[in-house]
S.K.: 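Structure provided below as structure tokens; questions to follow.
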Amino acid sequence: QVQMVESGGGLVQAGGSLRLSCAPSGVTFSLYTMAWFRQAPGKEREFVSAITWSGSSTYYEESVKGRFTISRDNAKSTLYLQMNSLKPEDTADYYCAAVLRPRIGTTTKDYTYWGQGTQVTVSS
């Protein structure tokens with residue numbers, strides 16, 4: 001059974017930083033393209049960032065470019081999202097997602113497995 005467990009969320013002031021982690025189990029992590037999505041209250045889930053299985057390719061939603069960094073450690077089977085210069089509009093539940101495919105996708109339909117989410121709140 002596949003489980004995706006996110007951690008690292010919390011409350012932070014604007015301008016602060018957080019690092020999210022995602023540790024999937026039940027999959028061969030190194031074979032999966034991984035992504036982060038987020039969902040703010042009353043809004044649809046949106047793409048944030050993705051990384052290919054090797055880490056050689058990454059992609060970011062425009063509003064987080066230069067502030068967020070996605071990375072992975074295949075030896076530890078862990079996905080990360082380093083979030084710097086956080087803004088109140090980054091407040092959302094953040095979800096990791098996985099798909100057994102070499103190409104990066106940016107929609108929820110592109111991913112097979114999902115975590116339960118971790119809450120990020122940025123105060124102004």
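Side chains included, hydrogens not; waters and symmetry mates left out as well; all remaining heavy atoms used.
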S.K.: Ignoring hydrogens and geometry, is there a side-chain-to-backbone donor-acceptor pair from Glu6 to Gly117 under 3.5 Å?
M.R.: yes
S.K.: By side chain to side chain donor-acceptor pair (under 3.5 Å), which residues pair with Tyr95, not counting sequence neighbours?
M.R.: none
S.K.: Can you tell me how far OG of Ser71 sits from CZ of Arg19, rounded to the nearest 0.5 angstrom?
M.R.: 7.0 Å
S.K.: Using side-chain heavy atoms (C-beta onward) and a distance below 4.5 Å, is Met83 in contact with Asp90?
M.R.: no
S.K.: Look only at the side chain of Thr91 and the backbone of Val122, and say whether a donor-acceptor pair between them is shorter than 3.5 Å.
M.R.: yes
S.K.: Would Met4 and Leu100 show up in the same hydrophobic cluster when neighbours are defined by side-chain heavy atoms closer than 4.5 Å?
M.R.: yes
S.K.: For Ser77 and Pro24, work out which heavy atoms get closest and say how close.
M.R.: O-CD, 3.5 Å
S.K.: Should Val5 and Tyr80 be counted in the same cluster of Ile, Leu, Val, Met, Phe, Trp and Tyr side chains packed under 4.5 Å apart?
M.R.: no
S.K.: Can you confirm whether Lys43 is buried at NZ, in the sense that more than 12 heavy atoms of other residues, nucleotides or ligands lie under 6.0 Å from that atom?
M.R.: no
S.K.: Flag yes if Tyr113 and Met34 sit in one hydrophobic cluster, no otherwise; membership is Ile, Leu, Val, Met, Phe, Trp, Tyr, and two members link when side-chain heavy atoms are under 4.5 Å apart.
M.R.: yes
S.K.: Show, in sequence, the C-alpha distance, side-chain angles and deciding distance for Phe68 and Leu86, and conclude whether the side-chain contact (heavy atoms from CB on, under 4.5 Å) test is met.
M.R.: CA-CA 9 Å; Phe68 291 10; Leu86 282 161; 3.8 Å; yes
S.K.: Nearest 0.5 Å, please: how far is NZ in Lys87 from OG in Ser124?
M.R.: 14.0 Å
S.K.: Does a side-chain heavy-atom distance below 4.5 Å link Trp53 with Leu31?
M.R.: no
S.K.: Which heavy-atom pair separates Ala40 from Ala92 by the least distance, and what is that distance?
M.R.: N-CB, 3.8 Å
S.K.: Assign the ring pair Phe47 / Phe37 to parallel, tilted or perpendicular, where the plane angle (0 to 90°) is split at 30° and 60°.
M.R.: perpendicular
S.K.: Side-chain heavy atoms under 4.5 angstrom apart, residues restricted to Ile, Leu, Val, Met, Phe, Trp, Tyr: same cluster for Ile70 and Phe29?
M.R.: yes
S.K.: For Asp93, enumerate each residue passing the side chain to side chain donor-acceptor pair (under 3.5 Å) test, keeping only those at least two apart in sequence or located in another chain.
M.R.: none
S.K.: So, Ser49 side chain and Trp36 main chain: donor-acceptor pair closer than 3.5 Å or not?
M.R.: no
S.K.: Determine, for Arg103 against Asp110, whether the closest basic-nitrogen to carboxylate-oxygen distance falls under 4.0 angstrom.
M.R.: no
S.K.: If we ignore hydrogens and angles and just use 3.5 Å, is the side chain of Tyr111 paired with the main-chain N or O of Thr33 as donor and acceptor?
M.R.: no
S.K.: Same cluster for Leu20 and Val12 if Ile/Leu/Val/Met/Phe/Trp/Tyr side chains link at under 4.5 Å?
M.R.: yes
S.K.: Taking all non-hydrogen atoms of both residues into account, name the closest pair between Asn84 and Ser17 and its distance.
M.R.: OD1-OG, 2.9 Å
S.K.: Would the number of heavy atoms belonging to other residues, nucleotides or ligands and lying under 6.0 Å from CD of Gln116 be above 12?
M.R.: no
S.K.: Examine distances only and state if a side-chain atom of Thr52 and a backbone atom of Ser57 form a donor-acceptor pair shorter than 3.5 Å.
M.R.: yes
S.K.: What pair of heavy atoms forms the shortest contact from Val120 to Gly9, and how long is it?
M.R.: CG2-CA, 4.1 Å
S.K.: Checking Thr78 side chain against Lys76 main chain: does a donor-acceptor pair fall under 3.5 Å?
M.R.: yes
S.K.: Are Arg38 and Val64 packed together at the side-chain level, in the sense that at least one heavy-atom pair is separated by less than 4.5 angstrom?
M.R.: yes
S.K.: May I ask you to test the Tyr60-Arg67 pair for a side-chain heavy-atom distance under 4.5 Å?
M.R.: no
